[in-house]
Visitor: 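Next up is a structure, given as structure tokens.
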Amino acid sequence: MVLKNTGNEIFSALKGLLVGARKKIVLVTHENPDGDAIGSAIGLGEVLKSYGHEVKIVVPNAYPDFLKWFSSELEIVVYERKRSQVVNILKEAELMICVDFNEPKRVDRLRKKLLEFSNPKILIDHHPNPTDFCDYMVSEPSYSSTAELVYDVIKNIDLKGNITHHAAEALFTGIMTDTGSFSHNISSPNTFMVVAKLMEHGIDTEKIHASVYHTFSVHRMKLLGHSLDKMKVFPEFRSAVIWLSQDELKAYSFQPGDIEGFVNYPLSINNIVFSALFMEKKGYVKASFRSKGSFPANEFAQNHFSGGGHRNAAGGEIKLSLEESLEKFTQLLKDYSHLLTETTN
Ligand code: 5GP
Ligand code: MN
């Protein structure tokens, strides 16, 4: 039975699973975990741990250093590095909770293991168009972040009393990163109400912000300068693109997470409403898209780059060279010319 958002029904089902007997629970995030994925996993993990569950967090691949300062002591096991440990965790877990993704493809190499998991699976996520791969789905695309949604789930299953300082700090981080420090994705006062509740736990929001955003290595800052220097702007299509080859990444001693956020910068240019970043990988190109206002970056990603995401933040990939990807993007802008020029903002 797949139980989707059906108000009280889903919460009483989740209560039945999470409140009562203590369990072994595994939390899973998408590949290349971002602040919302890690923050939601740690936040929910800490609450469940404080209630008495045995909690493990599994992520498909490595995540950036700017997400490694949390005071939580929950271990995050990276499948790419510790396969047998993850296999054991999955074997022992009585319950799986998937956070911040809504299709099995998003866990990449962990996909098969995730689908084979035979105990109940819960999904908590805020991306549009979920696929049915979990038994219980809390899928709310109107939420700013999975972390905000996690807070409301915790509240609705009466575990608010188990929100610790560690949990509050992690959930705040998820909301802060997915909203670009409260600049976008916020469609309801609930976001700030949740933030206010989290602040009651005495978290140091200034320190959290600095821990995430003010820890660039010199290489990373110079790589940003380099990317922006060669950025191509298409004023007639209100768009801009930046791209990085493997050689360039090597020249700037690339570390996981180093290009996080780069795709947002072109949107700071007056009248630019669509920004793309292409990163060369082995045999394919990873694409990131950001937009302002009504331009649907997710439809663009879905239609042409086998991807998806939110209206204003999406991504995908394509089996082309970097040059071919740029050419394809340039051509596509013409097809979207109308939408790009009409878009609000
Ligand atoms: P980013 O550009 O930070 O990698 O991704 C931004 C957002 O786009 C993510 O939060 C996710 O919703 C979506 N996204 C990124 N890559 C993919 C992809 O390959 N497939 C899908 N469906 N969504 C993606
Ligand atoms: Mn998210």
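Counting convention: from 1, in listed order, for ligands and their atoms alike.
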Visitor: For the Mn ion (ligand 2), which N, O or S atom of Asp100 is at the shortest distance?
Guide: OD1

Visitor: Got the closest protein heavy atom to atom 9 (C) of ligand 1, with its distance?
Guide: Arg106 NH2, 4.0 Å

Visitor: Just by distance, no angles: are the side chains of Thr29 and Asp100 close enough, under 3.5 Å, to form a donor-acceptor pair?
Guide: no

Visitor: Return the residue, atom name and 0.1 Å-rounded distance of the protein heavy atom closest to atom 7 (C) of ligand 1.
Guide: Ala313 O, 3.6 Å

Visitor: Tell me the protein heavy atom at minimum distance from atom 19 (O) of ligand 1, and give that distance in Å.
Guide: Gly316 CA, 3.5 Å

Visitor: For His126, what is the atom name of its N, O or S atom nearest to the Mn ion (ligand 2)?
Guide: NE2

Visitor: With no hydrogens and no angle check, is any side-chain donor or acceptor of Tyr51 less than 3.5 Å from a backbone partner on Gly20?
Guide: yes

Visitor: Assess, by modelled atom type and distance only, whether the side chains of Thr330 and Glu327 contain a donor and an acceptor separated by less than 3.5 Å.
Guide: no

Visitor: Among all protein heavy atoms, pick the one closest to atom 3 (O) of ligand 1 and tell me residue, atom and distance.
Guide: Arg290 NH2, 2.9 Å

Visitor: In Asp178, what N, O or S atom is nearest to the Mn ion (ligand 2), if we give its atom name?
Guide: OD2

Visitor: Please report the C-alpha distance between Phe274 and Phe237 in whole Å, then the side-chain angles of each, then the deciding distance to 0.1 Å, and finally whether the ring-ring contact (aromatic ring centres under 6.0 Å, His included) criterion is met.
Guide: CA-CA 8 Å; Phe274 187 40; Phe237 301 122; over 10 Å; no

Visitor: Looking only at side chains, do Ser50 and Asn162 share a donor and an acceptor under 3.5 Å apart?
Guide: yes

Visitor: Has the side chain of Glu46 got a donor or acceptor atom that lies under 3.5 Å from a matching backbone atom of Gly43?
Guide: no

Visitor: Is Asp34 close enough to the Mn ion (ligand 2) to have an N, O or S atom under 2.8 Å?
Guide: no

Visitor: Which option wins on minimum heavy-atom distance to atom 1 (P) of ligand 1: Gly315, Ala287, Ser145, Ser288?
Guide: Ser288

Visitor: Do His310 and Asp178 meet the criterion of a side-chain donor-acceptor pair at a distance under 3.5 Å?
Guide: no

Visitor: Before signing off on this row, confirm whether Glu103 and ligand 1 have an N or O atom pair separated by under 3.5 Å.
Guide: yes

Visitor: Does any N/O atom on Lys286 come nearer than 3.5 Å to any N/O atom on ligand 1?
Guide: yes

Visitor: Where the closest heavy atom to atom 5 (O) of ligand 1 is concerned, which of Gly308, Gly261, Gly309, Ala314 has it?
Guide: Ala314

Visitor: I'd like to know if the Mn ion (ligand 2) has an N/O/S atom from Asp36 within less than 2.8 Å of it, counting both backbone and side-chain atoms.
Guide: yes

Visitor: Examine Lys328 relative to Phe305 and say whether NZ or CZ is less than 6.0 Å from the centre of the six-membered ring and inside a 45° cone about the ring axis.
Guide: yes

Visitor: Answer yes or no for Arg81 and Tyr79: cation-pi contact, defined as NZ/CZ to six-membered ring centre under 6.0 Å and angle to ring axis within 45°.
Guide: no

Visitor: To which protein heavy atom is atom 20 (N) of ligand 1 closest, and what is the distance rounded to 0.1 Å?
Guide: Gly307 CA, 3.6 Å

Visitor: So, regarding His127 and ligand 1 (criterion: nitrogen or oxygen to nitrogen or oxygen, under 3.5 Å), is there a contact or not?
Guide: yes

Visitor: So Asn32 and Asn61, side chain to side chain donor-acceptor pair (under 3.5 Å) or not? Walk me through it.
Guide: CA-CA 6 Å; Asn32 305 322; Asn61 62 346; 2.8 Å; yes

Visitor: Any N/O/S atom of His127 sitting less than 2.8 Å from the Mn ion (ligand 2), backbone or side chain?
Guide: no

